[in-house]
Every structure is written in C-alpha cells, then in structure tokens.
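This structure is a prediction, so every number in the text was calculated from the model and none was measured. Below, all heavy atoms of this structure are taken into account, side chains as well, without hydrogens, waters or symmetry copies.
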Amino acid sequence: MSTRSAKFQRLRNLYQSHLWQGRMILVSLIIVIVLVVVRVSLPYTIVYSAVYWLGQQGIASQIEDIRMNVTDGTFTIINASGIKDGDTVFNIGKASIDWQWRPLSRKTIHITEVVLEDFDMQAAQFSDAVVIAGVVIKQNGQVQAPPAEEAQPVAWSTALDRIDFNDLVFCFQQFDSAYDEAQKNKLIDYCGNIDRVSWQGTFGLGDTGAPAQQPAAMLSADGTFQIQQLSLHNNLLDGALINIGDLLLSKIRVNGIDDIHLDAIDIDQLALLQDSGHSKHKHAVTVSKLIISGITLDHTSTLEIEAISLARPEVSIAKDSAGTWKFEQWLVQQASSESEPESKPESETQANRNNTFTISLGAITIRDAEACYQQPARTGKDKSEAIDYCMTLADTRWTGSTGIITPSGKQAIKLDISGDLSLDKFSARNNILNRDLLAFTNLAISKLRLKGVDDVAFNKLDFDNVTGLELTGAENSHTIDLGT
C-alpha cells in the first residue's frame, strides 16, 4: 500500500472513530472554502455586474479594481470611469468607506471614514427627464412609492466620524426641451470644482430616546467642517458665479435641529458674480476675510450672532450701454408658459404668515470697505450722462445689539437697535471728475437707539474734518469745509 493510501485510510478511521468531531471539522472546512471562494470572486462579480448594468444604459465603463477587507470593514473602488456618446459622464479616482462591525450589535451603523478623490460627475435636467452620470431617469419611468405606513419608532442609528473628499468636479445643465428632442435653449450650464472637503468629528442620526413626535432630536453632530478652493463656473457667460478660497465651520455642535451652535464661520477670499460690477472690480462682490462668530440657532426661529468681522469688502453695481443691470445676466430666463402658477392652499399660506423669526446681532467690524456704481453715457431717446462713483471707508465699528423680528401675519418688521457707531476715513468720489463729493475723518454716534423709521434717538453726534464738493482735483479746496 502506498504512503498516500495509508494516510487516507488513517484519516478515514479517525473520522469513523470520532464521528461528530469529524463532521464538525468537515463542515467548518467546507464553510472556509466557500468563504474563500466568495471573498476572491466577489470583487470581480461586483465589477462585472456594474460594468454590465452601465452597458445596458449605453455607458462604456471600466473599473480598475475593487478592494474589500471584511475583517477591517473597508470597501474601496479604484479608477472607475464611464463614457457615453464620446463624452466622459463620470470618473472616480478613489472612493472608499470604512466601518466598524461591533456597533451593529447595538443596532448602530458606525462609519469611521469616507474618502472620495478625483471625482467628476455630469448631470443634466430636461423637461421630461433627468440625466445623472449618463443614466437617464424619465418621469414616466419612476417607481411609485409604497403606501404610507404608520411611523414606527426608530430602531437603528448611524454614526460618522471622518469625511475626506479631494479633487471634486461636477457639472449640471438644464434645458427647456424634452430629452429626445434637439437640445435647444440651454437655460443653465454650470461646472464646479472643489479641491477638498473634510469633516472631523462625530455625526449621528438615530434613536435618542426622544418621543416619536420629536424626530428632530435624532440628529447630533460635534466637529469641524472645511471646504478648500471652491468655484462654480457659468459656462454660458464664461464667468465665475462664486469663488471661495477657504470655508471653515469650526466646533459645530448639534443636538437636534432645535439646538444648533457654531463657534465660527470663517471664509477667506470670497468672490461673487464675475464681470457684473464696476470696471475696476473683477467681481460684483468680494471679501478678503469674513468671520461670523458665536452662532446659535434655537428652535429654528431664533438666530443669535455674537460678532461679525469683514476685511476688505468690495461691492459694486453697474449698468451696460443698454441701461440693463449687469447682474441680471445671471438670472435664469425661463421659457414662457401659458399655464398659471399654482396657488398655495389658504391653510399653508396662513401657516407661513404665523411664523415668527428673530435675529440678534452683536458687534460688527468692517475694515477697508469700498462700494462703487458705474453707468455709461447713453444717447438717443433715453439719453443720460455717464455716472461713476466710489465710496471708501477705512474702519466701521458697531458696539451694541441689533434685534430684528419678523412678526406673524402682515405686521411690519420690528427693529430694536442700540449701541455706539464709529466710522473712520470716509470718502465718496466722482471718478469722472476725479473729485471728492463728501469726505470726513471720523463720524461717531453714541448711545444710538432705533426702534423704527419714526423712532430714532442718540446721545451725541461727532464729526471730524467734514469736507464736500471738492473744487479741483489738484487743490485741497472744497465748497463745504466744517472742520470739527
């Protein structure tokens, strides 16, 4: 008898003498083999299924690799892309998600990290369909929602610790025609870029033991959110709608939507509406730095802000040679429709009127501000002279409180403003004549109290070096000179 046959006979005898133990070992061995086969083949099965399904949608796709680690709880997609009609409709350099298994025993889905890199997605909206990443979703093809069921208490919760998105690109188009028709009159065509989006902290959504009639209490968060280098470009106008260098929301604390607090919102290099203002400004609105600190939103009806600080804000408005405001080019021109807009039910309208919102502001500081207005000369029937003014203000300080209440019904907005105001180095200049219209070194109002247009009072008003209507640009001579 060969050595191999002897070993096999020995195992057979051992199995027969320990029947139940042998069966357990055999079953365990089969399970391990099945798991290994599933583990090895699952990524390829997912890739094949995804590529096949996208192919049914007319999208030629490829996925370089899918990596799974069941023990550590990780899933990663590497280099996935899709092409339809010669155009790239989506691209993913890397997408990964990490989770923990142990919290599942407590009915909690705990995601520790989400990473998305080199992401590009195209979307378009038509009158009868929406196209997302090349997949056409028509209105008549939507699956009807199941019948509404009685709400049950939430048994599961979710938690998220970290998000990192890098190199994101997204585009959106909107047409006023049907999907199968010729693509005419493109209403919207935007593309956006974000270098990095990150969340550091904890984010949870689930059962907190609150009564069923208080679902808002199921949201919680404690962390910091940051966006770096965000831009949104209008391809029709070939200009930027918005550019943000850095956006930081620090120490966000949420205990349900009725209790939200942020330590600060910090924005660096904000710019809005390119080529829509004065010729000396590239954008209609720019802010070098904006800090809003001590933000509290209570019961979605009361907003409190401790302080606002702006550095080098610039605001400019202008008209073109036809007399049209330049910012109007950013407004979407909807196709005319003969149908009348639907009117809201009276109950909904009345409910909106009964909502009361309160805003409370603290100190406000503005440094190196500038505002400009420009209008070219016009001839013909609507003849007008050219206008070009700019106002600069070196420093604005408001120390006090500002309360704004929007009452229910049709009542007027209520104001409650009290504090001290100081303006330093103000100048309003006619750029065509190169002369100052008005200038002063300092204006200070102490103990200002404002409760409405017809209810204004203050303790003291101080002016320093007030001049107006400069005679010539070369001489320091003015029609009005009040000194102090």
Side-chain angles (χ1 to χ4, degrees), residues 216 242 244 247-267 270 272-273 284-317 327 344 348-371 373 391 393 395-424 426 443-461:
I242 181 172
I244 296 178
L247 169 63
L248 177 65
L249 279 64
S250 59
K251 295 184 179 179
I252 305 171
R253 292 186 292 275
V254 179
N255 295 307
I257 62 174
D258 290 336
D259 185 6
I260 300 175
H261 178 81
L262 288 78
D263 272 15
I265 297 176
D266 193 333
I267 302 176
L270 170 66
L272 301 172
L273 306 181
V285 179
T286 60
V287 178
S288 177
K289 192 173 187 64
L290 168 63
I291 301 176
I292 306 174
S293 56
I295 306 167
T296 300
L297 181 61
D298 187 18
H299 289 85
T300 67
S301 61
T302 301
L303 176 63
E304 297 181 1
I305 299 176
E306 292 182 2
I308 299 177
S309 175
L310 291 92
R312 297 185 61 189
E314 296 177 349
V315 179
S316 64
I317 57 176
F327 67 82
K344 294 183 178 180
E348 181 179 348
T349 304
Q350 187 62 34
N352 293 335
R353 291 176 180 174
N354 292 333
N355 292 334
T356 300
F357 193 81
T358 302
I359 301 176
S360 178
L361 305 178
I364 300 175
T365 303
I366 305 174
R367 291 184 173 87
D368 298 325
E370 183 177 36
Y373 171 74
M391 295 182 293
L393 186 58
D395 191 46
T396 302
R397 298 183 301 278
W398 166 257
T399 305
S401 62
T402 302
I404 304 173
I405 302 176
T406 59
S408 59
K410 297 182 179 180
Q411 301 178 17
I413 295 177
K414 297 180 181 180
L415 300 176
D416 189 359
I417 301 174
S418 60
D420 298 328
L421 176 65
S422 178
L423 308 178
D424 291 338
F426 171 84
L443 181 151
I445 304 176
S446 61
K447 296 182 180 180
L448 172 65
R449 183 182 62 83
L450 174 63
K451 292 185 176 294
V453 178
D454 55 352
D455 188 0
V456 182
F458 55 88
N459 183 50
K460 187 179 181 181
L461 174 63

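- In this structure, His261 and Ile295 approach most closely via the heavy-atom pair ND1-O, 3.0 Å.
- Atom CG of residue Leu262 and atom OG of residue Ser250 lie 7.0 Å apart, to the nearest 0.5 angstrom.
- Expressed to the nearest 0.5 Å, how far CG of Leu450 lies from CD1 of Ile417 amounts to 4.5 Å.
- Between the CD1 atom in Ile445 and the NZ atom in Lys460 there is a gap of 13.0 Å [rounded to 0.5 Å].
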Given the rule in the side chain to side chain donor-acceptor pair (under 3.5 Å) test, do Thr286 and Glu314 qualify, once you have shown the distances and angles that lead to the verdict?
-> CA-CA 5 Å; Thr286 60; Glu314 296 177 349; 3.2 Å; yes
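- The shortest non-hydrogen separation linking Ile366 to Pro313 is CG2-CG, 3.6 Å.
- Side-chain atoms of Asp266 and Lys289, non-hydrogen and from C-beta on, do get closer than 4.5 Å to each other.
- Within the model, atoms NZ of Lys414 and CG of Asp416 stand 10.5 Å from one another, a figure rounded to the nearest 0.5 Å.
- One distance of note links CG of Asp298 with CG of Asp259; it measures 6.5 Å at 0.5 Å rounding.
- Between atom CG of residue Leu303 and atom CD1 of residue Ile359 there is a gap of 6.0 Å, rounded to the nearest 0.5 Å.
- Looking at every heavy atom in both residues, Phe426 comes nearest to Leu393 through CB-CD1, 3.6 Å.
- Asp395 contributes no side-chain N or O that, together with a main-chain N or O of Arg367, makes up a donor-acceptor pair within less than 3.5 Å.
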Show the numbers, then the answer: is there a side chain to side chain contact (heavy atoms under 4.5 Å, CB included) between Leu273 and Val285?
-> CA-CA 7 Å; Leu273 306 181; Val285 179; 5.7 Å; no
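- Remark: the backbone N or O of Phe357 is paired with a side-chain donor or acceptor of Thr406 at under 3.5 angstrom.
- Just one of Leu290, Asp368, Ile292, Leu270 meets the side-chain contact (heavy atoms from CB on, under 4.5 Å) condition when paired with Leu310; it is Leu290.
- Surrounding CZ of Arg253 are more than 12 heavy atoms belonging to other residues, nucleotides or ligands, all under 6.0 Å away.
- Within the 4.5 Å cutoff, side-chain heavy atoms of Ile404 are placed close to those of Leu415.
- Closest of all the heavy-atom pairs between Thr300 and Ile257 is CG2-O, 3.6 Å.
- Arg449 has a carboxylate O that lies under 4.0 Å from a charged side-chain N of Asp455, or vice versa, which qualifies the two as a salt bridge.
- Summarising the geometry of Leu448 relative to Phe458, their closest heavy-atom pair is CA-CB, 4.0 Å, with the distance given to 0.1 Å.
- Closest of all the heavy-atom pairs between Trp398 and Leu421 is CE3-CB, 3.9 Å.
- Side-chain atoms of Glu306 and Ser293 form no donor-acceptor pair, as typed in the model, at a separation below 3.5 Å.
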Worked verdict on Thr356 versus Ile405 for side chain to side chain contact (heavy atoms under 4.5 Å, CB included) = CA-CA 7 Å; Thr356 300; Ile405 302 176; 4.1 Å; yes
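- The closest side-chain heavy-atom distance from Thr396 to Ile364 is not below 4.5 Å.
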